[in-house]
Each structure stands twice: as C-alpha cells, then as structure tokens.
2 protein chains.
Amino acid sequence: MPSEQDQIEASIIAAVLAGRFRPGTRLGESVLAGLYGVSRTLVREALMRLQTRGIVQVSARRGWFIVEPSAGEAHAAYEARKVIETGLMLSIGQIPPETLKHLREHVEAEHSAIQGPDVTSRVCLLGDFHVHLAEAFGNPVLTEILQNLTARTTLISMLYQSSDAAEESSDDHGIILDALEAGDLPLAAKLMAEHLDRVEAGLDLTARTDPLADLRDILVPGTSDAKPSSAKTVPDEPGPDHRKPINQIK
Amino acid sequence: MPSEQDQIEASIIAAVLAGRFRPGTRLGESVLAGLYGVSRTLVREALMRLQTRGIVQVSARRGWFIVEPSAGEAHAAYEARKVIETGLMLSIGQIPPETLKHLREHVEAEHSAIQGPDVTSRVCLLGDFHVHLAEAFGNPVLTEILQNLTARTTLISMLYQSSDAAEESSDDHGIILDALEAGDLPLAAKLMAEHLDRVEAGLDLTARTDPLADLRDILVPGTSDAKPSSAKTVPDEPGPDHRKPINQIK
DNA sequence: TCCCGCAGTCTTGTATACGAGACAGGTAGG
DNA sequence: CCTACCTGTCTCGTATACAAGACTGCGGGA
C-alpha cells in the first residue's frame, strides 16, 4: 500500500519537519527524480500533493520551492491553530488515562531533548505534542488538518524564530496537560490560546531572510530592523553538483 | 494563472457541490480526459489534488470514485466542523456591519431558495453560509479548511440525508447571526454546536445504500437494526470495503 | 564602461506509450 | 445446471518524449 509516491511525499515532509530544508529551497523535479531513482512523474505528483498541503509551491517554469510564508500568512497559520486547538480543548472531554500517560511521556521527552544539543529533534517534538493531542481526540479529520498546520508553522518558525523559547513551550505543554487531567477544559483552552500567542510572539516577523531587506531599508528607513547576520541570499541547492550521469541510488 | 488543471478541479468540485455526482460515481481518467479535451495527465493531477481534499479516492487499477464516507467518517467530519466552527465563533470578535449585511442577505437567499423546488441550489446555499462565515473571519487558511469540510459534508448529506430540514437549518443560521450581531460570542458558539448537532441528527446513518446490509442483518442480527429516528449508533468502521456496483456513466 | 539584444540552456507543462493488475464474459468440465 | 478456469478488455501506474517559457551569459554598439 505504501506506494512510491507516498514514500517520496513522506520523505520530503520528514526533511521539512527535520529542518533539513530551509524555506525557499528549490526542489527540481529532475534532481529529485534522480535521487529517488524514479521518473519525474512520481516526483511531480508527490510535489503537487505537498502543494495542496501548503508545504511547497510551484513557480511556473522556474521550479518548485519550499514555501516561504509571509508575515501575514504566518499570522494566519497561528491564528488558525489557535481557533482549532482552542475548540479542540473545549470539546475533548475526558482523556483516557492511557493516552494521558503517553502525552506525559512525550513532554518528558521534550524536556530531555531540550537539554540536548539537537535543535532538529527538539522542534520536531514540540510540534508533535500538538499532533498527539489531536490524535487523543480520536478524530482523524482533525488530526490531519493539524498535522498540516503544524508542518506549516514549523516552516514559519524556521524562518522567523528569533528567541528559541523551547523550554517555555515545553512547560506550557505540561501545564495544559495538568488542566486536561483535572478536567478543566475552559482552562485548558485558555492556556492553549495563550501558549500559541506566546509562540507567535516569540517570532520576529521582521527577521525574514529577505534579499530585498537591505534595499528596502535604505529606501524606506525603519521598515525593517537591520539584522546584521541576515544578509544571506536564497540558499542554493546544497549538495554535490549533479549534471553527471544521473546517479541512481536505488 | 487559471491553469487548465484548476479549471478541471473546480469543475469537478462544482459538480459535486451541485449534487450532480452521487457518491460512488466512477470518474475514469480517460473519460474525463476526453470530456475536457486534454490528456490523462492533467485529469490525473486534478484528481490527485481532489484526493488530498477528501473529495475523491482512487482504487488501484479500478478507477477514481467520488468518496463514499462511512458512518464513522461522516461523524468525524461533522465533529471536526463542530470543533472548528465553535472555536471560530468564540474568536471572531466584532464583524463589520458591511459583512453582517451580506450574511443577512445570504440567509434571505436561503429562505427564497427553500421556497423553490431546486434542491441543488438550496444545499449549495446552506453550505455556503458556513464558508462565508469563515470568510468573515478573514483567515484564508481557515476558510480553505472549512471549504473542504463543507464539500465533504455535502457529500455526506447526499448519502445519508433522510429528512430535508432545510428550513430549520436556515432558521438556525439566522439565529446564529443574531447572536453574532449582539456580540454574544459564547451564545453563537453554543448555537453553532447545536446547529451542527441538529444537522447531523437529521442524517440517517443507517440509510446507506449498502448492498450487504440485508445480508449482514441476516447473518448478524442486530448489527444494522433500523432504529426509527434516535439511532445514534457510532459504528466503528463496519467494513469500508463494500464491492459496490459500479455506476458506469458512459 | 555601460547598456541592450540575442541565443543557449534549463526548467516545468503537457501529451503519449507501454505494462500490469482487475474485472467480465464465455466456455469446458463435472 | 452449476462451478471453475481462462482469456479479452479496460483501468490505472509509470516512464518517456516533445514543447514552450524563463533565466543566464556573452557580444556588439553607444
């Protein structure tokens, strides 16, 4: 059942969630086809599915790119999460002890990851908490929606995150769990809303890697805070340059 | 910008929303390609996008079909809508008078349509109300999500709707608008939840065209007992794999 | 030296070709 | 008469071929 397409799709998503793809990275159909050892058709279909999930976008006859959400889109994504997850908290009812235990363990894992140096797994775990919460509700439709939204916000935090308040986030998760355990749903909802607000507030929506930032700053001083180290241009396809006989890594 | 694919996708969605496709209808790639005068490739890509939106599904080497949500999936879809739209009502804040006026006009249009004999436009309008409400919130992400969910529930009501309580629905919409106008968000949320419950309750989740129903009833009496109206059975995936007769539309 | 134009190359966009699995209908055997 | 098999046809799944737009780099002219 896991068709090759699904594998490609999952592989790209995993790479995105793991932070191995920066927003704006170009994903050439031919390159990916070569990497996966399949034809462009499969790659293309996987990319189109990712497009409807808001992970990648295509620019006509230029290529596929990991999405670079604008500040507005970033806000919209967090707002959507706030609406949905707040509603979820209010409707979730009693969570089975078993599930609650798993969530606890997840938060534990977050704490451990925060101690470690691995930023990637940390970000991954912090996002996963929300997905697992959705799973606890037992509604596959909602779970899928929140999965997509979480992937999107992961990209956003990769673009804009200034202060990495991972510890704070994890603490929030614990407190939300407390409220759920106590059965105080309105409190959980309130905490969730505040948590998401806090995460969004932790972003620096002016920090975007924007090649035009300097220019804009010169022309209209004050619109973009000059971030010294952000003068990086669009990251160009890393890795060994191809143009060789296509290396099948099957 | 409006690529041919988008047109195909939109065309199919429109047909679904208009009720011109029954759930379970087969959509052959070749047939559609012939109808639209394009190659199978474009049709296929449009169908895959519809697949991620939950409108169609593919059965390997058999064909594409308009989804036939199971009773469990139907419940999940309504529950998801309840969670999201409830959260939406609580967060929507003050609606601009202009927008409110448009929504009023929409409800008026619903009322008019209910008098008329056109079931199609009626169903369409009733669903559109919720989409417009999402638009009023001004969040494109949420709007898109609710668009998809609404399309899905439209399919569901086509499968299961027993009592066509259109008038009641439209009245509900009006009352919800009242609450919003008064700025009583918790009330609006409560009304919305009740409204969606009512709509779901109006479905007969045992009424599905299931060729195996009788057989199953004979073999395992009591499984598909037809309780007159209060049948709030939440069957856990009875068995999604019914070999249904294929509606050829050649 | 700088600017404009032009061609080459690379990309996606679309169509077509071919293969494998699934279903249907007929046929032979019991 | 019924059952089991077998073959033909139709479908999607995947690969490949061709077309057309977009960016790049070079060269000529002011």
Side-chain angles (χ1 to χ4, degrees), chain A residues 1-12 24-52 55-67 211-212 233-237 239-250, chain B residues 1-12 24-52 55-67 211-212 240-250:
Chain A
M1 188 71 84
S3 83
E4 208 127 18
Q5 262 173 67
D6 297 323
Q7 271 181 275
I8 297 175
E9 189 181 353
S11 161
I12 295 178
T25 305
R26 200 178 97 84
L27 302 175
E29 291 182 3
S30 314
V31 176
L32 290 179
L35 281 176
Y36 289 106
V38 296
S39 83
R40 267 180 55 213
T41 308
L42 293 186
V43 172
R44 184 181 176 76
E45 286 173 354
L47 285 171
M48 300 201 92
R49 279 150 71 156
L50 288 172
Q51 184 183 32
T52 71
I55 309 288
V56 304
Q57 59 192 7
V58 62
S59 176
R61 285 186 180 88
R62 285 178 17 83
W64 294 81
F65 301 87
I66 304 288
V67 291
L212 295 180
T233 45
V234 180
D236 220 339
E237 191 63 24
D241 205 0
H242 13 285
R243 249 10 69 180
K244 288 291 182 182
I246 304 192
N247 44 346
Q248 306 259 14
I249 53 168
K250 252 188 147 170
Chain B
M1 181 63 164
S3 83
E4 206 127 19
Q5 264 173 65
D6 297 324
Q7 272 182 274
I8 297 176
E9 191 181 351
S11 160
I12 294 179
T25 305
R26 200 176 96 82
L27 302 175
E29 291 182 3
S30 315
V31 177
L32 290 179
L35 280 177
Y36 289 106
V38 296
S39 82
R40 266 180 56 212
T41 307
L42 293 186
V43 171
R44 185 180 177 75
E45 287 173 354
L47 285 171
M48 300 200 92
R49 280 150 70 155
L50 289 172
Q51 184 183 31
T52 71
I55 309 288
V56 304
Q57 60 191 8
V58 62
S59 177
R61 281 180 185 95
R62 284 178 17 84
W64 294 82
F65 300 86
I66 305 287
V67 292
L212 295 180
D241 229 23
H242 315 292
R243 285 282 173 274
K244 292 210 54 183
I246 299 174
N247 308 8
Q248 290 276 9
I249 47 170
K250 278 195 207 181

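In what follows, every heavy atom counts, from backbone to side chain, and hydrogens, waters and symmetry copies are set aside. Below, chains carry the letters A, B, ... as their sequence lines are ordered, and counting in each starts from 1.
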(Q) How close do A/L47 and A/E29 get, counting heavy atoms only, and between which atoms? (A) CD1-CG, 4.2 Å
Q) If you check the A/Q5 side chain, which of C/dC23, D/dT14, D/dG13 turns out closest? A) D/dT14
Q | Nucleotide nearest B/R44 when distance is taken to its side chain, options C/dA15, C/dT12, D/dG13 | A | D/dG13
(Q) Please check this pair: side chain of B/R26 against backbone of B/R62, looking for a donor-acceptor N/O pair closer than 3.5 Å. (A) yes
Q) Can you tell me how far C1' of D/dG13 sits from CD of B/E45, to the nearest Å? A) 14 Å
Q) For B/S59 and A/T41, take the nucleotide of DNA chain D holding the closest heavy atom to each; which residue's nucleotide lies nearer the 5' end? A) B/S59
Q. More 5' along DNA chain C: B/R40 or A/W64, using each one's nearest nucleotide?
A. A/W64
Q) If you check every side-chain atom of B/R26, which of C/dA15, D/dG13, D/dT11 has the closest atom? A) D/dT11
Q: Test B/R49 against A/R49 for side chain to side chain contact (heavy atoms under 4.5 Å, CB included), laying out the working first.
A: CA-CA 6 Å; B/R49 280 150 70 155; A/R49 279 150 71 156; over 6 Å; no
Q | Among D/dC12, C/dT11, D/dT16, the one nearest B/R61 by side-chain distance | A | D/dC12
Q: Taking all heavy atoms of A/S59 and all of A/F65, pick out the closest pair and write down the distance.
A: CB-CE1, 4.0 Å
Q: Send over the distance from A/Q57 CD to C/dG13 P, rounded to a whole Å.
A: 13 Å
Q) If you check every side-chain atom of A/R62, which of D/dT16, C/dT12, D/dA22 has the closest atom? A) D/dA22
Q. Looking at D/dA15, D/dC12, C/dT12, which one has an atom nearest to any side-chain atom of A/S39?
A. D/dA15
